[in-house]
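Taking it in order: structure first as structure tokens, then the write-up.
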Amino acid sequence: MIPVDRLTPFEARIEHAELAEKIARWDKAYHGSDAPEVADAVYDAARRRLGAIEAAFPDLAGKSPLAGKVGAPAADGFGKVAHRIPMLSLDNAFSDEDVAEFDAKVRRFLGLAPDAALAYMAEPKIDGLSINLRYEGGRLIQAATRGDGALGEDVTANMLTLPEAELPRTLGPDAPDLIEIRGEVYMSKADFLALNQRQEEAGEKVFANPRNAAAGSLRQLDPTITAGRRLSLFAYAMGDASAPPAASHGDYLDRLGQWGFRVNPRIRRCADVAEALAVYRSLGDERAQLAYDIDGVVYKVDALDLQRRLGMVSRSPRWAIAHKFPAEQATTTVEAIDIQVGRTGALTPVARLVPVNVGGVMVANATLHNEDEIARKDVRIGDTVIVQRAGDVIPQIVAVVADKPRGPMAFVYPETCPVCNAHAVRPEGEVIRRCTGGLTCDAQAKERLKHFVSRNAFDIEGLGDKAIEFLWEKHLVRTPAAIFTLEEANRASLTKLENYDGWGKRSVDKLFESIRGRATMGLERFIFALGIRQIGDATAKRLARHYGSLEHWRQAMETASDEAKADLISIEDIGPAVAKDVLDFFAEEHNRAAVTALVDAMTALGGRVEDARKADASSSPVAGKAVVFTGTLTTMTRPEAKARAEALGAKVMGSVSKKTDYVVVGADAGSKAAEAGKLGITILSEQDWLALVGQV
Ligand code: IVH
């Protein structure tokens, strides 16, 4: 290893980026899945080397995703928080009788007659994890998980990555001096699916359900990882408080709303248990359509003085109960395990099931995620399994039913691609096995075509998955270029597309018209459409804006020089691994030929690839301005804020001086904000800053 003091700035930059990426990956494996990828000594050595490089080349310090973290994280993870008022769990009810029994017990305890008025609040039971938010003097000072109810974990830094709209940093002037607000942190179904897709594409662990994804995202020692996940919050309860904020739970929820919390809009006040049960039924009907998972309805005695009198028994309050929905699970048999091959060659196992009704929906397929998952659950063909569907989420196999006859053989995961027979390899440290056939693999080529015409790519109307399948089978379209020569080819051919079943002259004419309309395409979509591994639409946009034109980009990628690589890595969000995927794409002759053929075909229709608007530094309102970021930002990480500001021509500085033009303060900003105040420098909130640079 070259001593740090002998590294050239160029070498330092490459090594720094590689180390930072490696460490971030190890961190994720360690904290995200409790599965360390490397020995502690290797990890520590890498951390030390990174630190030494940053000390010798200070301008690299802000560039790593680990920036702002001093040294290695504390070995025992989060700080511990003792809850002054314990965080309770809830007793469960599974039937209307259980709920009637709960109501009767409450009445007996309070000495209320069966017909005396007793109001309840009925609330969706959000499937996430509970959080305690402590406010002193109206300011958020700490966020802690439930833990075992008595001792939780301090996750303040992570919670501060939620935007103000989800997590108010301050309460109104009418708030008690001290108040703890409790609620549920959760991930919406859509955010969960998007996260798993990103994880799957990056060859990383996928989460079994939104609840696990929320917990895994919040319990990250590195808040920059949490910041990349979209978490949401519903407030619904109270912990410690210096003064009672309301007389009833319903009024308390109203105040939470006034203080800026999101309170679930489906919460209802019910005059009696019968009304509460009606809420249960209507929420049960709505459940699948809700944007988030709920697993029941919580009934709470509305009057807070009655709640106080009722108190708690063991670890649950006497004044509340959770009426659970029947689990959306069913038992069925695995008929086959198929391996699907995706656009990037990823092999994904799918269980084919004897169709079964799960919570009102027929389920015939369930994902098995990857080979480790099959091995862990030991799912075999012929097994009886429990399948689960939570809301709109893809059905999964929960477990094999062990006391039913088992399939005879453990499933053997293929080491060759089931479509093209090429080797399927699984790089060390990754969970996904991939077909190495590239475009010679029919499955990959077909999936790439589907991607090419998809909504965020070329978005060609009339060319859905089915049409692509058809055109592929008939050998009419096997490359992106062939889409643009299809009309010409059809004209010259004896077997016309319009004569096939399901096409007809009008739909063929319309298709050709929409293809012609797409012969001119912006560089951003063009890059995304190529389907290069790890290049999603956001990264494609960055590439387009960085290089400006297809010619520039191609030229840089095809020279593949060290400079070109370093330039690529200097782009936000692009690390060595992503850079390698882009360069590998251009290293393949057939890919270069495909791009050329595509551009030629577009040109023949009078089209072209339009240049991207370059990130324009000179015209930006912050060009040449000196900016300091301080405190915790909520909509972007610190390195991201720096990179974005620099792209707009601003100079980002580490400390406040007379030369500073703006200080952007996030949550918990310390001495720098005070210093700026003293020097009379303009102080901006994160929102002000975004508004100034036009990024809201
Ligand atoms: S009240 C003392 N309200 O359910 C009662 N809990 O099974 C404290 N939960 O730990 C909780 N939605 O994480 C309450 N509307 C709601 C809820 C809710 C979800 C969770 C919470 C709690 C668990 C108990």
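This chain uses plain numbering: 1 for the first residue, then up along the sequence. Both counts, for ligands and for their atoms, begin at 1 and track the order of listing.
Proximity annotation for atom 4 (O) of ligand 1: of Lys300, Glu123, Lys125, Lys125 comes nearest, heavy atoms only.
For an aromatic pair to be called close, the ring centres must be under 6.0 Å apart, and Trp259 with Tyr135 fails this. Centroid-to-centroid, the aromatic rings of Tyr280 and Phe325 come within less than 6.0 Å. The aromatic ring centroids of Phe234 and Tyr186 lie less than 6.0 Å from each other.
At the top of the distance list for atom 5 (C) of ligand 1, counting protein heavy atoms only, stands Leu90 CD2, 3.6 Å. Distance from atom 8 (C) of ligand 1 to its nearest protein heavy atom, with residue and atom name: Leu88 O, 4.1 Å. Atom 10 (O) of ligand 1 has Ser130 OG, 3.6 Å as its closest protein atom, hydrogens excluded (heavy atom only). Nearest non-hydrogen protein atom to atom 20 (C) of ligand 1 is Glu184 OE1, 3.4 Å. Taking atom 14 (C) of ligand 1 as the reference point, the nearest protein heavy-atom neighbour is Tyr236 CE1, 3.3 Å.
Side-chain contact between Val106 and Arg318 is absent, with no heavy atoms from C-beta onward closer than 4.5 Å.
With sequence neighbours excluded, the residues forming a salt bridge (charged side-chain N to carboxylate O under 4.0 Å, His left out) with Asp295 are Lys125, listed by chain and number.
Each of the atoms 2 (C) of ligand 1 lies under 4.0 Å from some heavy atom of Pro317.
The closest approach between Pro124 and ligand 1 falls below 4.0 Å for a heavy atom of the residue.
The distance criterion of under 3.5 Å between nitrogen or oxygen atoms is met by Ile126 with respect to ligand 1.
Under a 3.5 Å cut-off, the side chain of Thr145 and the backbone N or O of Glu153 do form a donor-acceptor pair. A donor-acceptor pair is defined here as one N or O able to donate and one able to accept, closer than 3.5 Å; such a pair exists between the side chain of Arg380 and the backbone of Gly407.
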